[in-house]
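What you see below is based on every heavy atom in this structure, not just the backbone, and it leaves out hydrogens, waters and symmetry mates.
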Amino acid sequence: MKKLGKLKIMTIAALAALALSVPIVLSQTRGTNQDKEGRRGERHGRDEGWGGRGEGMHGGMLRGINLTDDQKAKVKQIGDTFRASTKSLRDDLQAKREALHQASDGATFDEAATTQKLAELAPLEAKLMGEQFKMRQEILSLLTAEQKTQLEQKRAEFKAREGERRGRGE
């Protein structure tokens with residue numbers, strides 16, 4: 001077998017780290033208020049839409065930001081469009097993650113097969129992350145200057161809390 005150059009090894013390692021971390025992050029962000037098909041539904045008996053209390057993908061980002069009804073409707077539309085346009089990509093990712101999981105369930109570890117599956121996953125995950133970034137930017141473009149300031153304050157508070165939590169070793 002040919003020796004891999006340092007750049008190739010670093011690339012494979014980075015892709016492997018990305019591919020292994022994304023499912024973990026996604027599993028942590030899933031709420032318990034999903035229906036049978038995995039869609040988010042009413043939360044605590046209220047259907048407040050994307051601008052409500054933690055509803056939808058960016059509820060955490062927008063929680064506490066007072067959105068107008070028009071902004072809520074536009075954010076919901078952006079989310080619906082995103083979900084529709086990325087469905088096939090997300091389905092492909094799920095199938096490849098399942099294949100990776102099955103490959104790693106065996107009694108012996110097949111490094112070549114795992115590396116191949118990770119290499120197939122990485123571009124799809126990168127594409128989905130790009131789409132998520134575009135959606136986030138589109139949502140942020142709806143906010144007023146005051147709302148953006150509120151959002152920045154919330155981000156700073158979150159980072160401070162995370163720093164404290166990590167400092168305590170939790």
Side-chain angles (χ1 to χ4, degrees), residues 11 13-98 100 118 120-170:
T11 303
L15 291 173
L18 175 67
L20 292 173
S21 65
V22 169
I24 293 168
V25 170
L26 291 175
S27 69
Q28 291 176 350
T29 59
R30 286 195 176 165
T32 58
N33 60 334
Q34 295 179 349
D35 66 11
K36 292 176 188 170
E37 296 175 10
R39 294 183 306 234
R40 295 180 81 86
E42 282 191 337
R43 184 176 186 103
H44 305 293
R46 292 179 283 197
D47 188 9
E48 298 181 6
W50 277 50
R53 295 182 29 96
E55 185 72 29
M57 186 176 297
H58 290 282
M61 179 177 88
L62 298 175
R63 184 179 293 145
I65 307 296
N66 295 323
L67 299 176
T68 65
D69 289 341
D70 184 49
Q71 286 174 314
K72 289 177 186 179
K74 287 179 181 176
V75 169
K76 183 177 183 333
Q77 178 60 45
I78 291 168
D80 291 345
T81 301
F82 168 79
R83 279 188 298 282
S85 69
T86 60
K87 181 170 180 6
S88 64
L89 177 59
R90 289 180 287 117
D91 290 345
D92 288 348
L93 272 168
Q94 182 177 359
K96 292 200 182 294
R97 285 184 188 126
E98 288 173 3
L100 176 64
L118 289 171
E120 293 170 2
L121 265 172
L124 296 174
E125 288 175 342
K127 185 173 182 178
L128 182 60
M129 289 172 73
E131 293 298 317
Q132 289 169 332
F133 181 78
K134 286 192 312 192
M135 178 186 60
R136 214 173 289 120
Q137 293 305 112
E138 197 173 341
I139 290 170
L140 290 174
S141 73
L142 299 173
L143 301 180
T144 65
E146 181 181 333
Q147 289 169 328
K148 287 178 182 178
T149 302
Q150 290 175 346
L151 184 60
E152 287 303 316
Q153 289 171 343
K154 292 196 163 294
R155 284 181 179 164
E157 291 169 6
F158 173 79
K159 285 182 180 181
R161 282 193 311 271
E162 273 298 297
E164 290 174 12
R165 187 182 67 80
R166 289 180 186 205
R168 290 191 309 253
E170 291 180 12

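- Annotation: side chain to side chain donor-acceptor pair (under 3.5 Å) contacts of E131 (sequence neighbours excluded): K134.
- Checked by atom type, the side-chain pair Q137/S141 shows no donor-acceptor distance below 3.5 Å.
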* Derivation of the side chain to side chain contact (heavy atoms under 4.5 Å, CB included) call for K154 and Q150 -> CA-CA 6 Å; K154 292 196 163 294; Q150 290 175 346; 5.5 Å; no
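- Judged by distance alone, with hydrogens and angles left aside, the side-chain atoms of R90 form no donor-acceptor pair with the main-chain N or O of L128 at under 3.5 Å.
- With 3.5 Å as the limit, one finds a donor-acceptor pair spanning the side chains of E98 and Q94.
- Separating the OG1 atom in T86 from the CD atom in Q132 is a distance of 7.5 Å, to the nearest 0.5 Å.
- With respect to the salt-bridge test (charged N to carboxylate O, under 4.0 angstrom), the residues R155 and E152 qualify.
- Shown here are the side chain to side chain donor-acceptor pair (under 3.5 Å) partners of K159, two or more places apart in sequence or in another chain: there are none.
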* **Derivation of the salt bridge (Lys or Arg N to Asp or Glu O under 4.0 Å) call for E164 and R161** => CA-CA 5 Å; E164 290 174 12; R161 282 193 311 271; over 6 Å; no
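- Nearest heavy-atom pair, Q71 versus L142, reported as atom, atom and distance to 0.1 Å: NE2-O, 2.9 Å.
- Between K96 and L121 the shortest heavy-atom distance is CB-CD2, 3.7 Å.
- The distance from the CD1 atom of I78 to the CZ atom of R136 is 12.5 Å, given to the nearest 0.5 Å.
- Atoms NZ and CG, on K127 and L93 in that order, are 10.5 Å from each other to the nearest 0.5 Å.
- With values rounded to the nearest 0.5 angstrom, E146 atom CD is found 7.5 Å from T149 atom OG1.
- When every heavy atom of L140 is checked against every heavy atom of K148, the shortest pair comes out as O-CE, 3.1 Å.
- Under a 4.0 Å N-O distance rule, the pair R97/E125 qualifies as a salt bridge.
- For E138, there are no side chain to side chain donor-acceptor pair (under 3.5 Å) partners, not counting sequence neighbours.
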